[in-house]
Number of protein chains: 2
Amino acid sequence: MTSAPLAEAAAGTSPEPAHERVHRALRRRILHGELAPGQPVTLRGLAAALGVSMTPAREAVRRLTAERALETTPTGRVLAPVKSAEALAELLAARALLEPELAARAAARADAALVARLRSHDDAVEAALAAGDAATYVRANTAFHATLYAAARAPALMALVESVWLQLNPSMRILNGRAGTAGLADHHEQAMAACARRDGTAAAAAVLADIRQAEALIAGGG
Amino acid sequence: MTSAPLAEAAAGTSPEPAHERVHRALRRRILHGELAPGQPVTLRGLAAALGVSMTPAREAVRRLTAERALETTPTGRVLAPVKSAEALAELLAARALLEPELAARAAARADAALVARLRSHDDAVEAALAAGDAATYVRANTAFHATLYAAARAPALMALVESVWLQLNPSMRILNGRAGTAGLADHHEQAMAACARRDGTAAAAAVLADIRQAEALIAGGG
DNA sequence: TCCGGCGTTTTGTGATCACAAATCCATGTG
DNA sequence: CACATGGATTTGTGATCACAAAACGCCGGA
């Protein structure tokens, strides 16, 4: 197997370790909500799927479990965690504490290019919402927030928020699947307007409202 | 050569994996500030120090790097991260966002036993401060906060805060080494009083003041 | 005294293997 | 028809190995 060491060796510029590639691939799947809660992740299966041996697969899984994106049972089995309603509420509380700060910092550094990228992601959000495509919605919504916060240039805070998303997104997919109502993008609009004005306070308020809306959705959906 | 599989096998109740033991041991060292920033951590060295092979050592290191407690250079070397002043400020900002919430939740659930445990840890803090023992101070101070927040029963928030501590503590040791001033425990006193009264707001305020003091310390120390 | 080059040693990486435990599934029994 | 029980299979774990690259130290020259 893995008879082909991949053509990227020809590029020469990026001798990326295999375990990092596995980590990013699995992380992306989780962040996009493609991994259902409770779904097991086997080392051999993951390794075979990406054409590597068990060792880098194990390293990638360990990293994700450290980020709480995966869960290890007492017997060593690894699976996407099933979050209780209380756990989801706690994660949303964490978002409510962290993300407004990130939004405020981002808005203070915003420029036209950022607003344009945000607009592009928000269009995708609304399109997915209209089409009832839950998976695409989660991906686009995450991309919107990630793009906004990246402008804050606060890597440590960003890492904390991403850890929360990794825990939240698998469950969000199911949640949004049954709550495909409209009008969810209003706060995105406010956030973009705040960025255009470099208004950090308004951006923080918009993001907080966005999160509060998600909280209400969970509380309502039970 | 790990000739002795440890007597814990006799207990029978906990067949704990080796990689978890390595992870906890290394994590404890980092949390206690025993690992100086920039100090390298070699896989073989770590494995030999704990009597295991490279594989579990590698897994433990991966977990810690995922928690941002360790850093990987482009060449694969692993070392305790050297934080810039901006990075430290960002981490303290994260503490200021998260810990007051945890303190408020903890105070609402506080009982006499908790206050007693906090008192015990705070005594150790003041003793270490008086003795100028930086390492013990970091350990006792962390134990005080950890004990308080554990009462909040918010595991996800707690995990985020612990990740911040892991990044902060190695640098804190150096910082406190040169700033051994007195009167630092006042906010701990206020926090314990707030817990005794079940006053969440006051507990949050006390913790926030504690963190602001640390921020001022860093800003002053430059 | 400082600096560049070269060989040795150290180090991370990924694959493979043996082993024990857990899981799964089918079968038989009440 | 529900449920326990048996064995076959899957799975995580930890050790070991070969390999390439990086780090280190030494030495000679300017």
Side-chain angles (χ1 to χ4, degrees), chain A residues 1-26 35 38-66 69-82, chain B residues 1-6 8-26 35-36 38-66 69-82:
Chain A
M1 326 335 169
T2 163
S3 55
L6 286 188
E8 64 179 319
T13 56
S14 62
E16 187 193 38
H19 66 84
E20 201 151 345
R21 187 165 56 92
V22 176
H23 173 256
R24 198 176 43 231
L26 187 51
L35 206 60
Q39 183 172 340
V41 176
T42 69
L43 262 29
R44 285 175 177 84
L46 181 63
L50 280 87
V52 297
S53 88
M54 288 180 57
T55 309
R58 223 192 306 190
E59 297 179 56
V61 164
R62 292 282 177 254
R63 284 175 65 175
L64 268 330
T65 56
L70 293 174
E71 202 176 67
T72 306
T73 73
T75 68
R77 296 290 289 273
V78 174
L79 39 81
V82 184
Chain B
M1 311 254 290
T2 167
S3 55
L6 286 187
E8 65 180 321
T13 55
S14 61
E16 186 194 36
H19 66 85
E20 201 151 346
R21 185 166 57 90
V22 176
H23 172 256
R24 197 175 43 231
L26 187 51
L35 206 59
Q39 182 170 341
V41 176
T42 70
L43 261 31
R44 285 174 177 86
L46 181 63
L50 279 87
V52 297
S53 88
M54 286 182 57
T55 309
R58 223 190 310 188
E59 298 178 56
V61 164
R62 292 282 177 253
R63 285 174 64 175
L64 267 331
T65 55
L70 292 175
E71 201 176 67
T72 306
T73 72
T75 68
R77 297 289 291 273
V78 175
L79 38 82
V82 183

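Letters A, B, ... mirror the listed sequences (proteins, then strands); counts begin at 1. Quick note: numbers below take in every heavy atom, side chains included, and nothing from hydrogens, waters or symmetry partners. Since we're looking at a predicted model, the values are computed, not measured.
- Look at CD on A:Glu16: it is 12 Å from P on C:dT13, rounded to the nearest Å.
- A straight line from CZ of B:Arg58 to P of D:dT13 spans 15 Å, rounded to a whole angstrom.
- Here the CG atom belonging to B:Leu64 is positioned 4.5 Å from the CG atom belonging to B:Leu26, to the nearest 0.5 angstrom.
- One interatomic measurement links the two molecules: CD of B:Glu20 to C1' of D:dT13, which rounds to 13 Å at whole-angstrom precision.
- Evaluation of the salt bridge (charged side-chain N to carboxylate O under 4.0 Å, His left out) test over residues 38-53 of chain A, restricted to residues two or more places apart or in two chains, returns none.
- Put simply, NE2 on B:His23 is 17 Å from C1' on D:dT13, counting in whole angstrom units.
- Between atom CG of residue B:Leu43 and atom CZ of residue B:Arg77 there is a gap of 11.0 Å, rounded to the nearest 0.5 Å.
- Distance from the side chain of B:Met54 is smallest for C:dT13 among the nucleotides C:dG14, C:dT13, D:dG14.
- Near DNA chain C, defined here as any heavy-atom distance below 4.0 Å, the residues from residues 39-49 of chain B are B:Val41, B:Thr42, B:Leu43, B:Arg44, listed numerically.
- What you find for B:His19 and B:Ala60 is that their closest heavy atoms are O-CB, 3.8 Å.
- No side-chain donor-acceptor contact under 3.5 Å links B:Glu20 to the backbone of B:Pro17.
- The CD atom of A:Glu71 sits 15 Å away from the P atom of D:dG12 (whole-angstrom rounding).
- Residues A:Ala69 and A:Pro81 share a closest heavy-atom pair of O-CD, 3.2 Å.
- A:Thr65 and A:Glu71 get closest at one heavy-atom pair: CG2-N, 4.4 Å.
- Contact check, A:Arg62 against D:dT13: a side-chain N or O comes under 4.0 Å of OP1 or OP2.
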Detail all sub-3.5 Å separations between protein N/O atoms and N/O atoms belonging to nucleotides 20-26 of chain C.
residue	atom	partner	partner atom	Å
C:dT23	OP1	A:Thr75	OG1	3.2

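- Residue B:Ser53 places at least one side-chain N or O closer than 4.0 Å to OP1 or OP2 of D:dA15.
- A salt bridge links A:Glu59 with B:Arg62; the closest basic N to acidic carboxylate O contact falls under 4.0 Å.
- Between the CG atom of A:Leu79 and the P atom of D:dT11 there is a distance of 13 Å, rounded to whole Å.
- With A:Leu79 as the fixed residue, the side chain to side chain contact (heavy atoms under 4.5 Å, CB included) test singles out one of A:Leu70, A:Val41, A:Thr73: A:Thr73.
- Atom pair B:His19:NE2 and D:dA15:P shows a separation of 11 Å (rounding to whole Å applied).
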